[in-house]
Asks: 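Got a structure for you, questions after.
First listed ligand is number 1; within each ligand, the first listed atom is number 1. Positions are given from 1, in the same order as the sequence printed here.
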Amino acid sequence: MTSATDRQSILIVEDDQLSAVLMATLLADLYTTHHANSGEQAMAMLGEVQPDLVLLDAMMPGLDGYQVLKEIKRHENLADIPIIFITGDNSLDAEIRALEGGAVDFVPKPYDPKVVRARVHLHLELLSKTRALQAANATLLHLSRSDPLTELANRRHFYEVAIAAHADAREKAQPLSLMVIDIDHFKSINDHYGHAAGDAVLTEFSAFARKFMRSKDCLARIGGEEFACLLPDSSAEQSAAIAERFRQSASELQLTPATGLNIKLTVSCGVTEFQHGDNGVDRALMRADQALYRAKREGRNCVRIAHQSDSEAAEFLS
Ligand SMILES: Nc1nc2c(ncn2[C@@H]2O[C@H](COP(=O)(O)OP(=O)(O)OP(=O)(O)O)[C@@H](O)[C@H]2O)c(=O)[nH]1
């Protein structure tokens with residue numbers, strides 16, 4: 001059974017008190033109704049009441065139905081509310097004007113109450129289905145963009161964000177950097193504690209990394225134990241300083257993937273700044289990877305900035 005709180009609500013905008021009461025009575029068993037007796041009052045009530053549907057009378061003194069319709073469609077957070085237009089002017093012109101203005105339906109007066117009820121019901125059913133579809137789409141979008149284990153951005157979404165950020169940085173002539181982070185000897189964590197503990201370490205580490213980075217940075221898991229972070233408005237040197245602080249903090253972490261387990265780890269990082277010749281993300285990512293390999297070769301638990309030989313290696317590989 002539907003409780004009073006999850007009932008859908010309807011705002012009846014009608015200057016004739018008797019018509020408004022009749023309409024409310026007609027709908028009261030299924031819906032919560034509110035009444036505005038002018039266009040001005042309707043506009044004032046909409047934000048507060050947040051109705052699921054508006055029954056809008058056309059002819060009212062002051063703001064008339066057409067003006068209210070226009071106002072509602074102008075507001076981004078009101079524009080999706082379905083509006084059923086009700087009017088004594090049952091000309092074709094009035095109907096076209098209402099529908100072109102964004103009303104979902106048009107009911108001429110005098111109306112049969114059963115028809116109004118059926119139409120309200122139909123539009124609210126459609127609204128419920130649309131909302132369910134929008135929620136499902138939002139879930140699908142989130143799933144398509146995120147890594148299921150860590151909830152960070154996945155590689156595909158990282159590329160999308162990076163391409164947009166690179167275009168933005170070029171336009172504003174601001175630096176943009178890329179950091180890759182790889183957990184050192186991660187295999188040995190799996191080997192010692194098992195794959196499930198390894199998963200929990202990745203999750204805990206990711207939460208730490210997300211907290212560490214700035215909100216404007218995009219952090220993604222781009223491989224098993226490899227992460228990438230996009231650093232807008234940061235030069236290679238500034239990003240290397242951030243990476244160094246991150247490396248230091250990561251080495252102080254005490255990860256507890258299971259009761260009684262206390263795991264420490266270190267990370268290696270490679271950093272590069274996007275360059276004018278970088279079309280897309282691949283080259284910058286390769287340069288950062290080359291710098292990362294150097295960090296690994298030179299003892300791990302350190303940060304390296306991509307330099308000329310990394311660029312040449314990236315050129316060679318691309
Ligand atoms: N638990 C867990 N392990 C993963 C996941 N993805 C990749 N791995 C493991 O990560 C390990 C990566 O090993 P390597 O590439 O040899 O690197 P490493 O041991 O970290 O050594 P270096 O990077 O050279 O310091 C492998 O054992 C993979 O099986 C995952 O989602 N969960």
Asks: Are Leu78 and Ile10 grouped together when hydrophobic residues (ILVMFWY) are joined by side-chain heavy atoms under 4.5 angstrom apart?
Replies: no
Asks: Which protein non-hydrogen atom lies closest to atom 7 (C) of ligand 1, naming both residue and atom, and how far is it?
Replies: Gly224 CA, 3.5 Å
Asks: Any salt bridge between Asp29 and Arg117, counting N to O under 4.0 Å?
Replies: yes
Asks: Under 4.5 Å between side-chain heavy atoms, counting indirect links through other Ile/Leu/Val/Met/Phe/Trp/Tyr residues: same cluster for Val267 and Phe227 or not?
Replies: yes
Asks: Is the side chain of His35 donor-acceptor paired with the backbone N or O of Leu11 at a distance under 3.5 Å, no angle test?
Replies: no
Asks: Give the atoms of ligand 1, by number and element, whose distance to some non-hydrogen atom of Asp184 is under 4.0 Å.
Replies: 25 (O)
Asks: Please write down residue, atom name and distance for the protein heavy atom closest to atom 24 (O) of ligand 1.
Replies: Arg300 NH2, 2.9 Å
Asks: Nearest to atom 32 (N) of ligand 1, what protein heavy atom do you find, and at what distance?
Replies: Asp199 OD1, 2.6 Å
Asks: What do you reckon, does Leu149 have a nitrogen or oxygen under 3.5 Å from a nitrogen or oxygen of ligand 1?
Replies: no
Asks: Measure Asn190 to ligand 1 on non-hydrogen atoms and call it side chain, backbone, both or neither using the 4.0 Å cut-off.
Replies: side chain
Asks: For ligand 1, note which part of Arg221 has a heavy atom under 4.0 Å away: side chain, backbone, both or neither.
Replies: side chain
Asks: Short list, please: which atoms of ligand 1 are under 4.0 Å from a heavy atom of Asp182?
Replies: 23 (O)
Asks: Indicate the atoms forming the closest heavy-atom contact of Cys218 with Phe158, along with that distance.
Replies: O-CE1, 3.6 Å
Asks: Can you pull out the closest protein heavy atom to atom 22 (P) of ligand 1? Residue, atom name and distance to 0.1 Å, please.
Replies: Lys296 NZ, 3.4 Å
Asks: Closer than 4.0 Å to some heavy atom of His185 - which atoms of ligand 1 meet that?
Replies: 18 (P), 19 (O), 20 (O), 21 (O), 22 (P), 25 (O)
Asks: Quick one: does Glu273's side chain have a donor or acceptor within less than 3.5 Å of a partner on Ala236's backbone?
Replies: yes
Asks: Which of the numbered atoms in ligand 1 are under 4.0 angstrom from any heavy atom belonging to Ile183?
Replies: 20 (O), 23 (O)
Asks: Regarding atom 16 (O) of ligand 1: of the candidates Lys187, Glu225, His195, which has the closest heavy atom?
Replies: Lys187
Asks: Given 3.5 Å as the limit, does a donor-acceptor pair link the side chain of Arg221 with the main chain of Gly223, or not?
Replies: yes
Asks: Identify the closest protein heavy atom to atom 18 (P) of ligand 1: which residue and atom is it, and at what distance?
Replies: Phe186 N, 3.4 Å
Asks: Does the Glu252 side chain pair with the main chain of Ser249, one donor and one acceptor, at a distance under 3.5 Å?
Replies: no
Asks: Could you see which bit of Leu202 sits under 4.0 Å from ligand 1, with heavy atoms only: side chain, backbone, both or neither?
Replies: side chain
Asks: Taking all non-hydrogen atoms of both residues into account, name the closest pair between Leu99 and Ala103 and its distance.
Replies: CD2-O, 3.5 Å
Asks: Could you tell me whether the side chains of Asn262 and Thr256 share a donor-acceptor contact shorter than 3.5 Å?
Replies: no
Asks: Just jot down the ligand 1 atoms closer than 4.0 angstrom to any heavy atom of Gly198, in number order.
Replies: 1 (N)
